[in-house]
Amino acid sequence: MKQLTYRPLAEEFALGATGPGAWQARVDRTWRGWTGPHGGVIAALLVDVARRAADEELPVRAVDLRFLGRPVDGAFAFSATARPLGRGTAIVDVVARQESGEVAAASITLGRTAPSSVPDRTERPAPEVAAADACAAFRLPPEIVPVGAHFDIRPAAGPLPLTGAVQAWMCAWIALNPPMITDAATLAILADALPPGIFPTLSAPIAVPTVAFSMHLHTDFTAPAGQPVLVRAANTGTGGGWSVDDVDIWDAAGRLLVSARQTRRVLG
């Protein structure tokens, strides 16, 4: 799974500026998920637009996203408004639109790294699993989920999707295809790469679309992160037609990169 060349996310999705505070991108059908363009891709584009809209180059710290409509394949238009908050911190509000109207909106926090008297720590150490090269590949069926062709998934622990398991969690090494630089934007894609957390407990797929997505970064990428990354997705609760998943991502050295949460509708 070693990757030798990396391309920017903007190149894959033809992301470019169209005017002050405005950008456009295109998501083709190969990036289609269960019912439409992969939610992680839309999140990634919102993050990349926010970085471009900020008044200065700042690391992404947090993402708070809501899906407002049903997106379709093709062109997306983005508008962004940057709101500086003192020295070295900014909030950027980004909206994604298609011909049907607004399809997603996010508030993205960026902030400069600063010296601190508080030592670094984490309460979420990486699970002890076999190395990626020692894990067999698992492919999402492309006839159902075309975006599966863009993921190299190597399950490392936990049950597989649609196996009728008792436990509702999965853990796998994942890399992007084509290879892309590992940053806040691509980690949004990787945080949404595994099926919904309840899928190991099911025997047939159902629609579980994401309504809200949040992501918190634990690194400023001063020390670069590579791929594959170790992704653990766990369902924290399902009931009343709603489901919540928590996702953690570590690099190969065991460094926690991202913690994320998705709130989903259960339509099956």
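Considering CH2 of Trp34 and CG of Leu267, their distance stands at 13.0 Å, rounded to 0.5 Å. Between the CG atom in Leu58 and the OG1 atom in Thr89 there is a gap of 7.5 Å [rounded to 0.5 Å]. Interatomic distance, Arg154 CZ to Cys135 SG, rounded to the nearest 0.5 Å: 8.0 Å. Atom CG of Asp64 is separated from atom OG1 of Thr109 by 8.0 Å, given to the nearest 0.5 angstrom. Distance check: Arg32 CZ to Ile144 CD1 gives 13.0 Å after rounding to the nearest 0.5 Å. Atoms CG and CZ, from Leu230 and Arg255 in turn, are 14.0 Å apart once rounded to the nearest 0.5 Å.
Using a 4.5 Å cut-off on side-chain heavy atoms (C-beta onward), Leu160 and Pro155 make contact. Val244 is listed as a side-chain neighbour of Arg261, based on a closest heavy-atom distance under 4.5 Å. Under the 4.5 Å side-chain criterion, counting only non-hydrogen atoms from C-beta, Leu217 is in contact with Leu187. In this structure, Ser79 and Val94 have side chains that are not in contact, with every pair of non-hydrogen atoms separated by 4.5 Å or more. Between Val103 and Ile42 there is no side-chain heavy-atom pair separated by less than 4.5 Å. Side-chain contact between Asp48 and Leu46 is absent, with no heavy atoms from C-beta onward closer than 4.5 Å. Under the 4.5 Å side-chain criterion, counting only non-hydrogen atoms from C-beta, Asp152 is not in contact with Trp173. The side-chain heavy atoms of Leu140 and Ile153, taken from C-beta on, include a pair separated by under 4.5 Å.
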| task | Assess whether side-chain contact (heavy atoms from CB on, under 4.5 Å) is satisfied between Arg70 and Thr35, documenting all intermediate values. | result | CA-CA 9 Å; Arg70 184 170 180 175; Thr35 59; 3.8 Å; yes
| request: Could you check Ile91 against Ile108 for side-chain contact (heavy atoms from CB on, under 4.5 Å), going step by step and ending with a plain yes or no? | output: CA-CA 6 Å; Ile91 304 292; Ile108 295 163; over 6 Å; no
| request: Start with the C-alpha gap between Leu190 and Gln227, add the side-chain angles, then the distance that decides, and say whether side-chain contact (heavy atoms from CB on, under 4.5 Å) holds. | output: CA-CA 10 Å; Leu190 292 163; Gln227 291 179 31; 4.1 Å; yes
| field | Stepwise side-chain contact (heavy atoms from CB on, under 4.5 Å) check, Val229 with Leu257 | value | CA-CA 9 Å; Val229 293; Leu257 302 177; 4.1 Å; yes
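The list of salt bridge (charged side-chain N to carboxylate O under 4.0 Å, His left out) pairs with a residue in residues 19-29, not counting sequence neighbours, reads Arg29-Asp73. Counting only residues at least two apart or on different chains, the salt bridge (charged side-chain N to carboxylate O under 4.0 Å, His left out) pairs with a member in residues 170-189 are Arg51-Asp183. Sorted by first and then second residue, the ring pair (Phe, Tyr, Trp, His ring centres under 6.0 Å) pairs involving residues 50-105 (not counting sequence neighbours) form an empty list. Within the structure, every pair that satisfies the salt bridge (charged side-chain N to carboxylate O under 4.0 Å, His left out) test and touches residues 101-113, not counting sequence neighbours, is listed here: Glu56-Arg112, Arg97-Glu102.
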Please tabulate, for side-chain N and O atoms in residues 198-210, each donor-acceptor pair with protein atoms closer than 3.5 Å (sequence neighbours left out).
unit_1 : atom_1 : unit_2 : atom_2 : d
Thr201 : OG1    : Ile198 : O      : 2.6
Thr210 : OG1    : Gln262 : OE1    : 2.5
Thr210 : OG1    : Arg264 : NH1    : 3.3

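Leu176 is connected to Val145 through a chain of hydrophobic side-chain contacts under 4.5 Å among Ile, Leu, Val, Met, Phe, Trp and Tyr, so both are in one cluster. Side-chain heavy atoms closer than 4.5 Å link hydrophobic residues (I, L, V, M, F, W, Y) into clusters, and following such links, even through other members, never connects Leu45 to Leu68. Follow the hydrophobic side-chain contacts under 4.5 Å out from Phe138 and you reach Val247 in the same cluster. The hydrophobic clustering, which links ILVMFWY residues whose side-chain heavy atoms are closer than 4.5 Å, places Met215 and Val95 apart. Leu15 and Val41 end up in the same hydrophobic cluster when Ile, Leu, Val, Met, Phe, Trp and Tyr side chains are linked at under 4.5 Å.
Of all non-hydrogen atoms in Leu9 and Met180, the two that sit nearest each other are CA-SD, 4.0 Å. Annotation for Val63 and Val47: closest pair CG2-CG2, 3.7 Å, computed over non-hydrogen atoms. Contact record, Arg7 with Glu11: NH2-OE2, 3.2 Å, taken as the closest heavy-atom pair. Across Cys171 and Trp169, no two heavy atoms sit closer than the pair CB-CZ3, 3.8 Å. Among all heavy-atom pairs drawn from Gly111 and Arg61, the shortest one is O-NE, 2.9 Å. Taking every heavy atom of both residues into account, Val92 and Ala80 meet most closely at CG1-CB, 4.1 Å.
Under the side-chain contact (heavy atoms from CB on, under 4.5 Å) criterion, Thr18 pairs with Ala22, Gln24, not counting sequence neighbours. Every side chain to side chain donor-acceptor pair (under 3.5 Å) that Asp220 has, sequence neighbours left out, goes to Thr113, Thr222. With sequence neighbours excluded, the residues that form a ring-ring contact (aromatic ring centres under 6.0 Å, His included) with Phe151 are His38. Residues that satisfy the side-chain contact (heavy atoms from CB on, under 4.5 Å) test with Pro125, not counting sequence neighbours, are absent from this structure. The side chain to side chain donor-acceptor pair (under 3.5 Å) check on Thr238 picks up Asn235, Ser243, with sequence neighbours excluded. When the ring-ring contact (aromatic ring centres under 6.0 Å, His included) test is applied to Phe13, the partners found at least two apart in sequence or on another chain are Trp31.
A salt bridge links Arg124 to Asp248: at least one charged side-chain nitrogen sits closer than 4.0 Å to a carboxylate oxygen.
By the 6.0 Å contact criterion, CD on Glu143 is enclosed, its count of non-hydrogen atoms from other residues, nucleotides or ligands being greater than 12.
Using a 3.5 Å distance cut-off with no hydrogens or angles, the side chains of Asp93 and Thr81 do not pair a donor with an acceptor.
Listed for the His150 side chain is a donor-acceptor partner under 3.5 Å among the backbone atoms of Asn177.
In the hydrophobic clustering (ILVMFWY side chains linked at under 4.5 Å, chained through shared members), Trp242 is joined by Val211.
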